[in-house]
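Okay, so here's the structure we're looking at.
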Amino acid sequence: MKGLIRNNFYSMESNLMVSFIMAAALVFSPLIINTPTVYPMIIAVQVFLFVVNTGTALHADEVAKWNKFEITLPIKRNTIVGAKYITFAILIFCGLFLSSCTAICINFSGQIWNFSSILWGYEYGLVLSIISVSLMYPIILKIGTEKNELVLIFSAFAAIGLMCLIAAVLSPLTGEMNLQHPLVGMVSISVSLLMFIISFVVSVSIHKNKEF
């Protein structure tokens, strides 16, 4: 399992470094941008930045024919798929770590900021990241990696659409269609985590029936 996870990171090494540099640069943005309304989006972008490397890693594995090699290893298919999902989780946690540094920077900048607004940035980033990889991996596993950028864009828009749908459904309870309402955030994260689990089960099924 450790070797599979390590290979996943090797496949996206150069792109991962770019994402890290971009996310690290955004940590200090509150020292330059004195606009608290922008901070939630900065945090959401930082959380999502690392996930965008997923398609690149999958494409690199396919070009290197790693997919054909790993199925010859004495491991189960669900272990192979599980390593991918653990990698996704680690990428999301990397985004959370860098965005936490941003929140600390905002706090030390002495600016007036709204806690609920910053919390929404985390919620939005998490939902966008989790749903995107949950949709993207099984689709790419099924159709191949040739259109991984298009699949990523589709998955990201689907995540935004789902969050808007949840906000619309919960509008009778929240008073209006409010994406930043705490209830919308909690339900959205719960749905995204459920989708992550379902995605794993679906991906295992696809992997077992796929001809590499």
Side-chain angles (χ1 to χ4, degrees), residues 1-24 26-27 43-62 66-67 70 73 75-103 119-142 145 148 151-156 158-160 162-163 185-208:
M1 175 71 81
K2 290 181 180 179
L4 294 173
I5 296 173
R6 190 178 297 115
N7 176 75
N8 292 336
F9 282 101
Y10 285 152
S11 299
M12 65 178 83
E13 185 175 4
S14 58
N15 287 46
L16 195 60
M17 183 58 65
V18 173
S19 294
F20 178 82
I21 292 172
M22 292 175 64
L26 287 173
V27 168
I43 288 174
V45 168
Q46 285 179 300
V47 177
F48 184 67
L49 264 177
F50 290 87
V51 170
V52 299
N53 297 291
T54 304
T56 303
L58 296 175
H59 182 66
D61 285 346
E62 187 170 293
W66 169 257
N67 293 331
E70 65 181 355
L73 299 174
I75 51 178
K76 296 179 179 179
R77 295 288 185 100
N78 59 347
T79 302
I80 295 173
V81 176
K84 299 290 186 187
Y85 280 81
I86 291 175
T87 302
F88 300 155
I90 293 174
L91 290 174
I92 293 171
F93 277 112
C94 287
L96 286 173
F97 173 75
L98 266 299
S99 61
S100 297
C101 294
T102 304
L119 181 61
W120 178 78
Y122 282 104
E123 292 172 344
Y124 185 73
L126 278 172
V127 172
L128 186 61
S129 300
I130 296 173
I131 293 180
S132 292
V133 296
S134 297
L135 294 174
M136 181 170 58
Y137 182 62
I139 293 175
I140 288 180
L141 193 60
K142 184 68 176 178
T145 62
N148 65 80
V151 174
L152 174 62
I153 294 172
F154 163 76
S155 301
I160 296 171
L162 181 60
M163 198 168 185
M186 288 188 293
V187 173
S188 296
I189 290 177
S190 299
V191 170
S192 63
L193 290 174
L194 178 61
M195 287 183 64
F196 193 76
I197 296 171
I198 294 173
S199 175
F200 170 74
V201 176
V202 172
S203 295
V204 170
S205 177
I206 294 174
H207 202 284
K208 287 180 177 178

Between the main-chain N or O of S100 and the side-chain N or O of Y122, is there a donor-acceptor pair closer than 3.5 Å? yes
Interatomic distance, I130 atom CD1 to L193 atom CG [nearest 0.5 angstrom]: 4.5 Å
Rounded distance (nearest 0.5 Å) linking atom CG of L96 with atom CZ of F50: 10.0 Å
S203 OG to N78 CG distance, which is reported to the nearest 0.5 Å: 12.0 Å
Is the shortest heavy-atom distance from the side chain of Y137 to the side chain of V81 under 4.5 Å? yes
Picking from L152, L141, V52, what satisfies side-chain contact (heavy atoms from CB on, under 4.5 Å) with M136? L152
Please report the closest heavy-atom contact between M186 and E123, naming both atoms and the distance. N-OE2, 4.5 Å
Compute whether any side-chain donor of one residue and acceptor of the other, for T102 and Q46, lie under 3.5 angstrom apart. yes
Taken to the nearest 0.5 Å, the spacing of L135 CG from I140 CD1 works out to 11.0 Å
Do V47 and L98 touch side chain to side chain, with heavy atoms closer than 4.5 Å? no
Taking all atoms of both residues into account, what is the closest heavy-atom pair of A23 and L49, and its distance? N-CD1, 3.8 Å
L162 side chain near M195 side chain, heavy-atom distance below 4.5 Å: yes
In terms of ring plane angle, is the pair Y85 and F88 parallel, tilted or perpendicular, where the classes change at 30° and 60°? perpendicular
What's the verdict on side chain to side chain contact (heavy atoms under 4.5 Å, CB included) for I160 and Y124, showing C-alpha distance, side-chain angles and the deciding distance? CA-CA 9 Å; I160 296 171; Y124 185 73; 3.5 Å; yes
To the nearest 0.5 Å, atom CD1 of I139 lies from atom OG of S155 at 5.0 Å
Show the nearest heavy-atom pair for residues A159 and S132, with the distance to one decimal. CB-OG, 4.3 Å
If you round to the nearest 0.5 Å, how far is CD1 of I189 from CD1 of I131? 10.0 Å
For residues F48 and I92, determine if any side-chain heavy atom of one lies less than 4.5 Å from a side-chain heavy atom of the other. no
